[in-house]
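For reference, the structure discussed in these notes is given below.
Residue numbers start from 1 in every chain, and the chains themselves are labelled A, B, ... in the order their sequence lines are given, proteins ahead of strands.
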2 protein chains.
Amino acid sequence: MNTSRRDFIKTAALTGAASTLLPLTACKSESPQKQINSSQVYVAIDEALNKPVLKRELFSSPVIIETIELLRDRNNFICQVKSADGAVGVSIGHPFYSKIGYPMFNRISNHFIGKDARDLDTLIFNAAVGNYRLHGIPLNVQMATLEFAILDMLGNIANKPVGALIGNLHNPEVSIYLGTRINELRKSEPETSLDLMYKDWEDTKAKAIKLRAGYGHNVGNDKDNAPGRTEKLVKLAREKFGEDMNLMIDGNGTYTVEGAVKLGKLLEEYNYYFYEEPIPYEWYEEQKQVQEALKIPMAGGEQESRLHTFRWLIANDVFQVVQPDIFYFGGMIRTKQIARMAEVMGQTIAPHMSSGGLGYLYMLHMVSACKNAAEFHEFKMFATKDANGTLIPVESKTEPFESIDGVINVPTGSGLGVNIDPEYIKTHKPIT
Amino acid sequence: MNTSRRDFIKTAALTGAASTLLPLTACKSESPQKQINSSQVYVAIDEALNKPVLKRELFSSPVIIETIELLRDRNNFICQVKSADGAVGVSIGHPFYSKIGYPMFNRISNHFIGKDARDLDTLIFNAAVGNYRLHGIPLNVQMATLEFAILDMLGNIANKPVGALIGNLHNPEVSIYLGTRINELRKSEPETSLDLMYKDWEDTKAKAIKLRAGYGHNVGNDKDNAPGRTEKLVKLAREKFGEDMNLMIDGNGTYTVEGAVKLGKLLEEYNYYFYEEPIPYEWYEEQKQVQEALKIPMAGGEQESRLHTFRWLIANDVFQVVQPDIFYFGGMIRTKQIARMAEVMGQTIAPHMSSGGLGYLYMLHMVSACKNAAEFHEFKMFATKDANGTLIPVESKTEPFESIDGVINVPTGSGLGVNIDPEYIKTHKPIT
């Protein structure tokens, strides 16, 4: 059954797609330059990449970005933007990394202040190119935070949820997979950690569960926290959750090529659904080797911060489920560009999310607007603690956030679709 | 003559080297995994990579890092470290980027505080791996700043210059190339900009001069500031400086593969010495294509912040002159590892430097310790203004900094070999 999983994912992603393309072969042609210029793959994915994302036609007149404020309360950051006509947008920063790179915020916001927000695609492109030496997750988190606030403002103006500004609402409901209990899954005995996982499953009735393989931490040395732990976890989880549960596993960069392939064979034997990031994320060549050696669908991309590298990963079919992190990759416009390129290759998209903050909210909107969204999406509970450990006082404008039988409704209100208590925002003061 | 330039560079780099290796072919073998595991290239460069760098044998007892302070005066940063035995080391931060990522400093220094500085190789490795999500230039600048201060401290203890702590002093003198006038070279008429360049040449008598091609800014779109400007500059510079001058050119990421190859052919016709970064630095596949299409030696790597990616660039012989930036790549230990890997491949090393700060000082020490140092090294004058525009009150402990006939003596005093006015340091206060 597992031998056809990749084909299944491709078929699902390509439903309604205009064309499908074979992946690039691993071996370059004799004239690599010719290959790039004429390659059907790169031509097709570049066409997808270059399509406009923001639906400019929703706005009949300019939306000038008059003020951009980054507000701070200790470790937590909020972005607030206002248009010349008084429209407002608000976003909550990343729970871990906003504070790491906030001095870079001005280098991003300089590209937006006084500009027409209808040019958002271009403004984001310029902000990325204009800071090319600073590329990486800390910079992208700043860009994403600003973009979320601008999309919230634009949604409030158009009276539409942000997903409808960057795509059609393909997915008003999102099916989740549980990505919780990272530490317990790694450090406890397999039996204990699966008992804890079972509790989260009872709370959410998620239709898919993701486990953790190896030591993690992007080390690429095949270490584990105890001998045989991962192999035991793989087998016990199948026993505990049964044949019908969709089980995934995430290596978080634990393995060498050899170790990754070995574990991958076991996952194929136990019919796992996908196999995420076994190799350190910067080992691009080796990731391709693992993918070629296995049949199980490969998932990855959460740490990737560079557009051109993602383009290569997609063109080479390194992952069948691509997982850009909306924060780490610099926002929804760029993530939508990844989704479109992936669609050309018959790959699905499942955005990565960190726990805490409003990650689940941004994920829901993003997935709503992706035609080739994966079957299940990462979910780490509605754990809306901010970077100071404070519960974010947020509620959906429409219906409460809940997971019913593993499905969450995307907020349908305008913008990000939430109300944030103004008193909470007031504790945050502008950074000068 | 230009057809043999690459061979010449290889010969120079390999003088005294144990062995030489052919570069990897562009086409992967049928079994890529086997290629990696058995490849003579990767085995050899990994052996070079894994050799200890810091000469531990110079220190008979532990050097416990007791305090690490990041000091700030407006935009400028200084790092000061002290050992449990009272030895002190000081470094001046990067003139542009220290302020961009300083909240990351603690995530680096946490890996060093209370540790034995003799384990510097391992501490640096751990700090990089432990912050894998934050990889990039802003993080590496923090790591380099701390490492320079620690090396200064260790040099003061051993009574040796920092170059002698990380290698043999292969190069007590460093020949320079002029890398000045970046903006004038791009934006003025070719005649005007060459007149200005001539002035810097008269001041330094540098034996090599680097020009600027295209629009720059890592855009990869073949733009120029005026039609035909670069082609004219290439020809006029050869006329102005004569047949014997070593002329280089830096594209700063201006070109597509097609544009880069076209300009490269002109450079070959006019016998240029090397061709730097024509393609945006993140276009790895395309960089390899340009290198394969040309005979002129290619130079690059200044923006590269990741060890594994540099390893790939070296193994694939993408650049014949590798140019890690000591700050952007995270310090001298890591840069020495690049130098050693490059040596295996017969490539030379010419560290990149930004203008301002103490870039020239760090460059001199680094080059002193590299067996396969390039013939000429980037120099942007002794322009020691700090991030606030203040002239840094610094003097060599031994003899004055000057360029005599294009050659600069590496300071021979202990540590970084300089005295910095304590009153200047005092205007900088610890960040809490």
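Looking at B:Glu282, both its backbone and its side chain come within 4.5 Å of chain A, counting heavy atoms on both sides. For chain A, the nearby parts of B:His135 are the backbone and the side chain; heavy atoms of each come within less than 4.5 Å. For chain A, the nearby part of B:Arg306 is the side chain; its heavy atoms alone come within less than 4.5 Å. B:Tyr328 touches chain A through its side chain: at least one heavy atom from C-beta onward sits under 4.5 Å away, while N, CA, C and O do not. Only the side chain of B:Glu304 comes within contact range of chain A, with heavy atoms under 4.5 Å apart. Using a 4.5 Å cut-off between heavy atoms, B:Thr256 makes no contact with chain A at all.
Atom CD1 of A:Ile100 and atom CZ of B:Arg107 lie 4.5 Å apart (nearest 0.5 Å). Distance check: B:Arg133 CZ to A:Ser305 OG gives 12.0 Å after rounding to the nearest 0.5 Å.
The closest donor-acceptor contact from the side chain of B:Tyr281 to the backbone of A:Tyr132 lies under 3.5 Å.
Contact count against chain A (heavy-atom pairs under 4.5 Å) is highest for B:Pro138 among B:Gly101, B:Pro138, B:Gly253.
By the 4.0 Å N-to-carboxylate-O rule, B:Glu285 lies too far from A:Arg311 to be salt-bridged with it.
For B:Phe125, the CZ atom counts as loosely surrounded, since its 6.0 Å shell holds 12 or fewer non-hydrogen atoms of other residues, nucleotides or ligands.
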Side chain to side chain contact (heavy atoms under 4.5 Å, CB included) evaluation trace for A:Val129 with B:Asn218: CA-CA 7 Å; A:Val129 170; B:Asn218 210 52; 5.6 Å; no
